[in-house]
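To find a chain, count down the sequence lines: A is the first, B the second, and so on, and within it residues start at 1.
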Amino acid sequence: MSTVETAITLAPKQYKSDVKPVWCPGCGHFAVLNAMTKAFSALGLPPEQVAVVSGIGCSSRVPAYTSVYGFHGLHGRALAVGTGLKVARPDLTVVVAGGDGDGFSIGGNHFLHACRRNLDMTYVVMDNEVYGMTKGQASPTTAADWSASKLTPGGPGMRPFQPASIAVAAGATFVARCFSGQPNEIARVLVEAVRHPGFSFVQALSPCPTFCPEQKEWKHVVRPFDAEPTDDPAEASRRLQADDGMSTGIVLAARRPSWAPSSGGASASATTIEAIEAEIEA
Amino acid sequence: MSTVETAITLAPKQYKSDVKPVWCPGCGHFAVLNAMTKAFSALGLPPEQVAVVSGIGCSSRVPAYTSVYGFHGLHGRALAVGTGLKVARPDLTVVVAGGDGDGFSIGGNHFLHACRRNLDMTYVVMDNEVYGMTKGQASPTTAADWSASKLTPGGPGMRPFQPASIAVAAGATFVARCFSGQPNEIARVLVEAVRHPGFSFVQALSPCPTFCPEQKEWKHVVRPFDAEPTDDPAEASRRLQADDGMSTGIVLAARRPSWAPSSGGASASATTIEAIEAEIEA
Amino acid sequence: MRSTLSIALTGSGGAGVVTAGRVLLDAATRAGWYGLLRRSSGPQIRGGESAALLRLGAHPVDCLDDHFDVLVALDWGNIERFADEIPLVATSLVLSDPSAGAVPAAIAAKGAQHVALPLRELATAAERAPENMVAAGALCAALGVDAEHVEACIEALLGRKGGDALTAAVRGARAGAAGVPAACADLALPAMATRPAHRWALSGNEAAGLGALRGGVRFVAAYPITPASELLEWLAPRLTGLGGALVQAEDELASINMCLGASYGGVPSLTATSGPGLALMTEGLGLAVAGEIPVVVVDVMRGGPSTGIPTKSEQTDLDIALNGLHGDAPHLVLAPVSVADCAFTTQWAVHLAETLQAPAIVLSDQALGQTRVVTERPADVAFLTRRRVASPDQAEYRRYAAGGDGIAAMAVPGTPGTTYTAEGLEHDERGTPSSSSGHHARQLARRTDKLDRHDYGPWATLVEGDGDTAIVTWGSTCGAVREAAARERARGRAVRVVAPRLLAPARHGEVDGASALERALDGVERVLVVEQSHSRQFHRYLRAWHDLPRQVRCLARPGPLPIAPEEVRAALGDWSQR
Amino acid sequence: MRSTLSIALTGSGGAGVVTAGRVLLDAATRAGWYGLLRRSSGPQIRGGESAALLRLGAHPVDCLDDHFDVLVALDWGNIERFADEIPLVATSLVLSDPSAGAVPAAIAAKGAQHVALPLRELATAAERAPENMVAAGALCAALGVDAEHVEACIEALLGRKGGDALTAAVRGARAGAAGVPAACADLALPAMATRPAHRWALSGNEAAGLGALRGGVRFVAAYPITPASELLEWLAPRLTGLGGALVQAEDELASINMCLGASYGGVPSLTATSGPGLALMTEGLGLAVAGEIPVVVVDVMRGGPSTGIPTKSEQTDLDIALNGLHGDAPHLVLAPVSVADCAFTTQWAVHLAETLQAPAIVLSDQALGQTRVVTERPADVAFLTRRRVASPDQAEYRRYAAGGDGIAAMAVPGTPGTTYTAEGLEHDERGTPSSSSGHHARQLARRTDKLDRHDYGPWATLVEGDGDTAIVTWGSTCGAVREAAARERARGRAVRVVAPRLLAPARHGEVDGASALERALDGVERVLVVEQSHSRQFHRYLRAWHDLPRQVRCLARPGPLPIAPEEVRAALGDWSQR
Amino acid sequence: MSDNDPGRSLPAFLAHAVALERESAERYRELADVMSVHHNPGAAALFARLAELGELHAGQVEARARGLTLPSIPPWLYQWPAAEAPETGPHEETHYLMTRLEVLRYALANEQRGLDFYAGLARGASEAEVRTLAAEFEREETHHVEVLRAWIDRALTDGGDGPTPEDPDPPNLPE
Ligand SMILES: Cc1ncc(C[n+]2csc(CCOP(=O)(O)OP(=O)(O)O)c2C)c(N)n1
Ligand SMILES: Cc1ncc(C[n+]2csc(CCOP(=O)(O)OP(=O)(O)O)c2C)c(N)n1
Ligand code: SF4
Ligand code: SF4
Ligand SMILES: [Mg+2]
Ligand SMILES: [Mg+2]
């Protein structure tokens with residue numbers, strides 16, 4: 001990110017493609033996209049070594065807007081795609097991105113199991129507490145009394161999903177929250193997240209002015225966590241439970257071995273097809 | 001359980017059907033079945049007012065072994081079926097039952113959302129840390145180094161899923177753990193769970209001697225939680241995180257409104273089909 | 001004088017195209033005409049280019065016409081995107097404001113007449129009235145709609161926005177009416193008796209919702225997806241009003257299984273989705289087959305495969321609806337034959353699912369679901385049979401034992417003496433799991449036969465006209481096909497239209513080995529199959545299940561452009577000369 | 001002397017039926033015979049009743065025979081469950097220990113000869129040797145297998161259990177051999193040259209696993225399900241050995257999407273499942289179609305619908321495999337024609353998926369997957385084409401643009417200058433989402449044509465014999481059909497057997513408008529369709545996609561009982577007389 | 001919960017005695033069923049016999065309670081020395097290949113726990129009536145124990161069933 005570009009270091013905008021986002025002007029997702037490109041630049045990653053994988057939703061449109069390898073998959077299945085990719089190609093930097101509906105509603109199971117599996121990849125959820133793409137229905141993170149959706153006229157009527165707490169309980173080793181109003185801070189967190197050896201989860205609060213104009217207020221409410229990141233899940237969980245969901249920063253950065261196909265030391269006798277065939281000989 | 005049976009009180013065995021379980025002798029699931037019938041009896045529930053809903057697995061065979069209404073559904077979808085049933089028929093006592101594979105692997109998403117929705121029903125998971133029905137593969141709760149399954153020859157290699165912690169993080173209002181070696185205690189917990197006005201989750205440690213003979217040791221390891229149930233999720237979560245997964249008893253019993261279709265006060269103008277049709281008149 | 005008039009309004013974000021189109025439709029309705037309004041838009045959530053595609057007429061209209069008589073461009077933003085969707089001919093008028101720039105090549109190439117409509121000037125003169133209302137006012141005036149109707153509609157639509165917006169809109173409409181270009185002189189539609197009773201205005205999605213309620217649905221669980229969400233949004237408050245419930249589920253796996261739970265509990269249940277969601281529901285539907293649990297899924301189809309083209313119509317979920325369940329899983333598949341028929345077909349689907357204790361899939365599509373029509377009040381048939389319920393206190397209740405019609409009595413939880421376990425494993429008559437070949441064969445046969453042998457009455461197949469040439473079609477393409485046939489008839493050529501409303505069980509209504517569809521084709525020598533699919537899904541369905549006459553042609557074309565009446569006539573080709 | 005011999009061993013929990021069957025098969029193999037072993041069991045996890053169903057022969061055998069020559073009952077526990085599965089005739093021998101009780105009615109009714117085999121006595125005399133080994137020893141001796149072979153097999157199978165168990169087993173086998181009842185005198189099979197080279201013993205599941213590895217699969221993600229789990233369990237350690245990976249996923253939605261991620265990453269990927277799991281994968285398969293991502297799914301079919309009959313075979317996932325994807329979603333569907341062919345067909349499926357950048361479903365079933373055969377080493381074809389990979393550093397890489405064969409070059413992440421986004425929305429050639437009718441039509445056509453026009457070589461359709469009567473079948477029923485045809489030919493009647501190994505694209509290999517299958521039926525006047533399904537899924541597939549001769553009969557019967565050669569001959573009926 | 005203390009009131013004691021016998025009989029019946037499902041006819045027959053005897057004893061104890069109003073005690077409030085009623089055999093000690101000798105030893109352990117339970121009350125109950133009746137039940141249980149010992153001896157002398165057999169077959173995959 002120096003002013004003089006070297007051959008290896010690309011400027012953030014070189015991580016953007018020439019596809020113009022269809023996002024509404026004012027959408028928080030722009031800031032997350034920008035932060036992502038800044039983080040890739042700061043990390044000095046060659047674009048071809050990075051893959052951004054997503055599901056379906058406004059936020060999930062992000063891969064096409066980057067100049068790295070992209071995968072715009074199915075609603076809710078981004079983490080599964082990312083998992084397969086990372087296991088098959090551990091050399092790549094895999095960033096999975098999407099929305100709160102994609103990740104916590106239909107994709108909730110993969111979220112749980114990705115946290116547990118602790119593969120070395122990063123998951124960024126642009127949380128606007130709404131289904132933007134399908135015209136403003138309540139998502140798992142929507143407030144119980146948000147009554148703007150015709151589908152839930154009286155509001156969803158239940159406690160919002162708490163992504164960071166659940167990530168910790170499910171075994172994520174890196175958990176952070178940030179806000180699209182602070183893109184450079186997102187970039188910083190993303191750099192840490194990508195560097196973290198294991199599964200890193202970043203909840204990026206990212207307003208949807210179209211369906212949730214009230215989220216304009218967020219900028220007045222967010223504030224940094226009042227403590228440094230901990231490496232103790234129990235402590236992280238305590239902090240998160242005491243929080244109103246609007247504190248930002250890295251909460252947890254713990255070490256735990258990442259899952260690998262051969263973990264536990266499988267005793268693979270045959271290492272060639274011929275050897276395997278020999279076992280079948282009658 | 002008085003010697004003189006009254007018309008209303010049925011003995012536990014009257015909640016059993018005449019279908020003989022196919023479970024292996026020694027399976028922990030017998031004790032959970034027995035505890036369930038004891039709980040129904042202690043609660044004085046008429047069998048026709050109770051529905052037991054399950055998925056697929058050895059544990060999920062339980063509905064047919066009871067004399068109440070039963071639903072043996074799809075692998076992983078029991079909670080969704082239970083949710084629909086309870087919303088449509090709030091007058092019934094709905095108990096959802098199944099295994100750790102059914103509930104935490106394929107069914108993980110419904111588990112998260114059922115905890116959050118907090119409908120007034122009970123979910124019992126017979127946790128044997130294995131897929132019994134499909135011949136002993138690792139489940140989410142299997143220890144990282146359990147190498148008895150050919151599918152994961154070196155062991156699953158990841159941190160086991162922590163059902164109770166996740167339930168708390170996801171918003172369950174009643175969380176308990178018990179052990180099939182103590183069926184009367186399970187019955188007690190189930191009675192509390194059914195009485196709890198909201199979603200109650202009971203993790204019943206239930207050994208699978210066929211695929212996990214080592215679980216015979218569990219009886220020497222389980223012990224009651226060293227504190228009374230709390231009504232504070234943060235405290236429950238702290239206790240669970242400090243625990244090795246082998247303490248039993250009710251951990252959390254909190255109050256939070258149960259979801260109801262009209263919660264939040266939907267403004268339903270039309271209350272007859274005719275009135276609705278009148279709106280359509282051109 | 002023309003009997004229908006087709007108008008396209010286009011413009012980019014904020015131009016108010018959709019509202020103008022709605023004013024036009026509503027005003028024409030008050031003037032006694034029928035009509036339909038279809039919307040097309042770009043991928044942006046807000047502010048994208050959009051088009052309101054209208055057709056108004058002296059009689060009910062079920063499809064867009066081959067071309068538009070008038071295109072009113074509020075501006076030219078991204079008009080290329082709609083060039084395909086708005087066919088114009090030499091007699092068509094293109095109305096636009098010269099100050100918005102010259103007519104772009106994509107439109108100019110169509111060779112229509114260009115007419116200046118100085119929207120900006122008129123609007124500015126009317127104290128900055130909204131241009132879209134100027135356009136609406138001008139069009140209404142050209143059509144011959146009384147100003148009184150126009151203003152009443154504007155008030156009904158914009159009333160809640162309050163005074164200023166409303167009066168500005170009315171000013172705009174008046175300014176437009178005053179400024180109708182001379183070239184628009186012969187756009188007038190025949191005068192009608194105004195405001196007839198029993199005329200309804202609704203979209204196919206709303207109609208399907210109404211059908212569900214009429215059919216007795218009181219539980220819905222669903223997950224939002226385009227273009228089905230509006231059906232659900234329409235239902236949500238109304239279900240609550242009727243004492244039912246709608247659950248927004250965490251995903252489609254949950255929605256279908258929640259429906260099964262509620263239906264098991266005795267409450268008729270429904271979910272709505274589109275292709276990707278249906279794909280997630282097939283396992284649940286299989287359980288509904290095996291466990292004999294009534295449930296209805298309305299699939300509002302969109303362009304496929306995969307995420308495909310979510311906002312556009314196609315008839316390509318036929319394959320998955322018919323054959324997407326694993327195992328031998330007989331179930332019901334129905335398709336409405338018009339926008340308004342979404343009400344009847346959905347109501348009937350609920351009735352059949354409940355009566356036959358089987359899942360029913362209703363194949364609507366974006367073109368039906370999101371098109372708003374003004375039409376006669378759709379039929380409300382009072383079906384007599386309902387779910388067969390077990391009587392209490394039976395000595396040996398056998399859930400899966402049935403008499404001659406193959407339909408077993410289903411106990412409702414809460415009933416004493418009939419407890420049982422609903423079962424997705426193969427089972428004996430009591431429901432106890434069994435892998436015996438005898439139990440399997442008997443239950444398979446019963447589950448098939450109860451559907452095949454049911455008497456579906458006159459609704460199963462729509463048959464219009466006669467003659468030895470037939471056009472066989474289904475779903476949303478029925479509109480264009482019926483219109484094409486009408487045009488043929490007007491030219492003195494007999495053409496039969498055959499459209500199954502009940503697609504599965506395909507071999508229902510057999511008489512002497514001939515299926516209902518085969519009988520509808522009695523005496524037919526030539527069949528033109530019309531469908532909106534690339535892989536000829538409907539044609540393959542017909543071949544697989546029915547014996548067709550030897551001469552078969554197929555007009556199968558994918559979405560998103562609708563199939564037009566003249567396209568159908570063209571496909572008849574030399575058959576049309578006979 | 002008979003050329004094949006069929007033996008059923010039955011017994012309840014702990015009787016060791018399966019192990020005895022395995023000893024018999026292995027010993028017969030060492031003696032130079034071919035054979036197969038199928039297992040059938042009750043619903044208990046352990047200790048349930050089970051049956052080992054064997055057929056041994058002087059030539060390879062691909063199916064069970066019409067009846068069994070010998071039934072050895074180690075005990076009579078729950079034998080009724082198997083009564084259907086073990087047809088006996090008057091010449092069959094029923095061997096059982098009189099001390100286990102009289103032959104139960106279900107067996108006695110079959111009219112076979114009862115022979116006393118005093119298992120308990122022999123076992124006790126042999127110092128409490130295991131009875132199952134006594135039975136195995138007796139049978140091997142009756143067949144004429146050298147004791148040396150028998151003991152070598154026992155050692156190979158039980159060696160790891162250690163000394164005592166092993167010596168007891170050997171004692172048992174010897175005692176059995178010494179006690180062969182006189183009635184067993186003519187069970188001997190023709191003597192063979194022993195231990196021939198290149199003979200393999202494997203189950204269909206293992207064969208499919210081997211085919212996957214041979215095809216280059218190095219990534220597998222899957223969720224356990226009967227009867228596919230063994231395929232995965234076989235693969236897990238071997239994949240690791242080859243430097244690949246197997247991920248046990250949280251569910252089938254995850255497994256298919258993990259495979260897509262790995263395949264997108266350039267690594268050939270596969271998953272295996274059964275009906276319920278396949279139902280959960282169709283959305284992912286649709287993405288593989290739209291995004292053109294190679295992937296293979298082996299569906300080991302079991303009885304349906306829903307959870308159905310998990311342990312038994314049926315061919316009823318054909319519908320969902322062919323038509324279970326929403327939208328127009330052309331893909332590959334293949335079916336092995338024998339147990340051993342699971343290797344070739346799976347390998348070929350990987351090759352085709354990779355070459356054509358499309359998902360391939362391999363339809364195996366429980367009868368193929370869980371049957372162990374002794375056979376010739378299956379072919380290992382070295383296919384030349386592989387995934388077409390984009391070359392680095394392109395000025396304007398267009399992922400979805402292709403030349404004449406319709407196959408675009410797919411960039412592997414890590415390659416500089418070819419970054420792109422794999423897309424499930426409809427898109428232009430670059431992959432940018434588009435709802436244009438032109439892009440849609442072109443991509444749909446290309447995705448269809450690349451499959452239809454590919455040259456599949458000689459493997460697509462198995463054709464055996466000639467004549468104007470054909471039996472058309474697929475998958476696991478090929479064994480019985482080929483045997484029935486062979487019997488017809490032995491009687492001097494020409495019968496053609498036609499079995500598509502490649503079911504979709506159905507219209508591949510067209511010459512002058514005739515599909516490969518239609519050409520295989522050239523000159524055929526009568527077709528008997530044979531399949532194991534109640535709803536005639538294969539028959540409907542044939543009707544939908546191909547023009548059949550006018551005379552068609554159909555032998556369609558659901559599982560779980562296998563279709564036997566004589567059942568096929570009976571279905572030929574009067575056609576067999578010509 | 002002194003109301004439920006079997007040592008402090010005769011009705012509470014009898015409630016315990018009834019539950020002890022009933023639950024034991026039900027468990028034996030359950031085991032007889034599961035053994036028959038798993039084709040262990042020998043074990044199934046023995047468990048069925050034990051269930052019959054258990055039902056008989058339960059009937060006898062119930063007869064002793066006739067005329068009294070017993071407290072209605074929820075399962076978890078019985079004051080058992082361990083998790084379950086003393087004569088209720090634990091599931092985890094059963095397996096499908098159980099020999100008859102193993103079944104008898106299993107039953108013996110159950111009866112022995114019953115005996116110990118009554119013996120404890122015969123000495124330690126605060127209520128005299130309870131002590132008397134407990135002593136009587138103790139004698140009854142002693143008899144059961146002796147009978148079982150005799151059965152075991154007989155089984156041993158006729159060779160028993162030999163060592164616990166091993167299932168040579170792999171398990172099954174039902175779903
Ligand atoms: C299987 C399936 N179900 C439903 C949909 C419809 N759908 C598309 S995006 C979306 C929600 C997106 O919300 P979120 O992930 O929060 O993203 P946002 O648009 O808010 O950024 C839904 C429900 C779909 N595409 N596929
Ligand atoms: C969609 C689907 N996938 C997989 C299966 C196979 N299956 C049946 S039961 C089971 C696991 C059961 O494990 P668990 O829930 O822990 O129950 P247990 O048998 O251990 O009591 C699996 C994977 C299935 N029936 N359906
Ligand atoms: S709808 Fe909301 S989330 Fe979607 S692009 Fe617009 S502002 Fe962003
Ligand atoms: S396999 Fe395990 S879980 Fe299943 S019945 Fe047997 S012991 Fe129980
Ligand atoms: Mg969102
Ligand atoms: Mg389990």
Are any of the side-chain heavy atoms of A:T93 and A:V68 separated by less than 4.5 Å?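 Contact flag for A:T93/A:V68 side chains = no.
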
Chain C contact via [X] - side chain, backbone, both or neither, heavy atoms under 4.5 Å:
X      : value
A:F211 : side chain
A:C58  : side chain
A:H75  : side chain

When A:I106, A:V22, A:L74 are compared by non-hydrogen pairs under 4.5 Å with chain C, the top option: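 Of A:I106, A:V22, A:L74, A:I106 has the most heavy-atom pairs under 4.5 Å with chain C.
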
Which label fits A:Y123 and A:F201: parallel for a plane angle under 30°, tilted from 30 to 60°, or perpendicular past 60°?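 A:Y123 and A:F201: tilted rings.
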
Against chain A, label C:L235 side chain, backbone, both or neither, depending on which of its atoms sit under 4.5 Å from a heavy atom there.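 C:L235 has no heavy atom closer than 4.5 Å to chain A.
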
At a 4.5 Å cut-off on heavy atoms, which part of C:L246 comes close to chain A: side chain, backbone, both, or neither?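 Interface part for C:L246: side chain.
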
Carboxylate-amine/guanidinium contact C:E85 C:R38, below 4.0 Å: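 A salt bridge is absent here (no side-chain N lies under 4.0 Å from a carboxylate O).
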
Determine the option with the most heavy-atom pairs under 4.5 angstrom with chain A, choosing from C:R46, C:E233, C:Q44.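 Looking at each of C:R46, C:E233, C:Q44 in turn, C:E233 comes out on top.
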
Taking C:S229, C:A222, C:P224 one by one, which has the highest count of heavy-atom pairs under 4.5 Å against chain A?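 Looking at each option in turn, the highest pair count goes to C:P224.
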
Is a donor from one side chain sitting under 3.5 angstrom from an acceptor on the other, for C:R302 and C:Q366?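 Judged by distance alone, the side chains do not pair up.
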
Under 3.5 Å side-chain donor-acceptor pair for A:Y131 and A:S105: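 Judged by distance alone, the side chains do pair up.
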
For A:D244, is the CG atom crowded, meaning more than 12 foreign heavy atoms sit under 6.0 Å from it?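 More than 12 within 6.0 Å, yes.
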
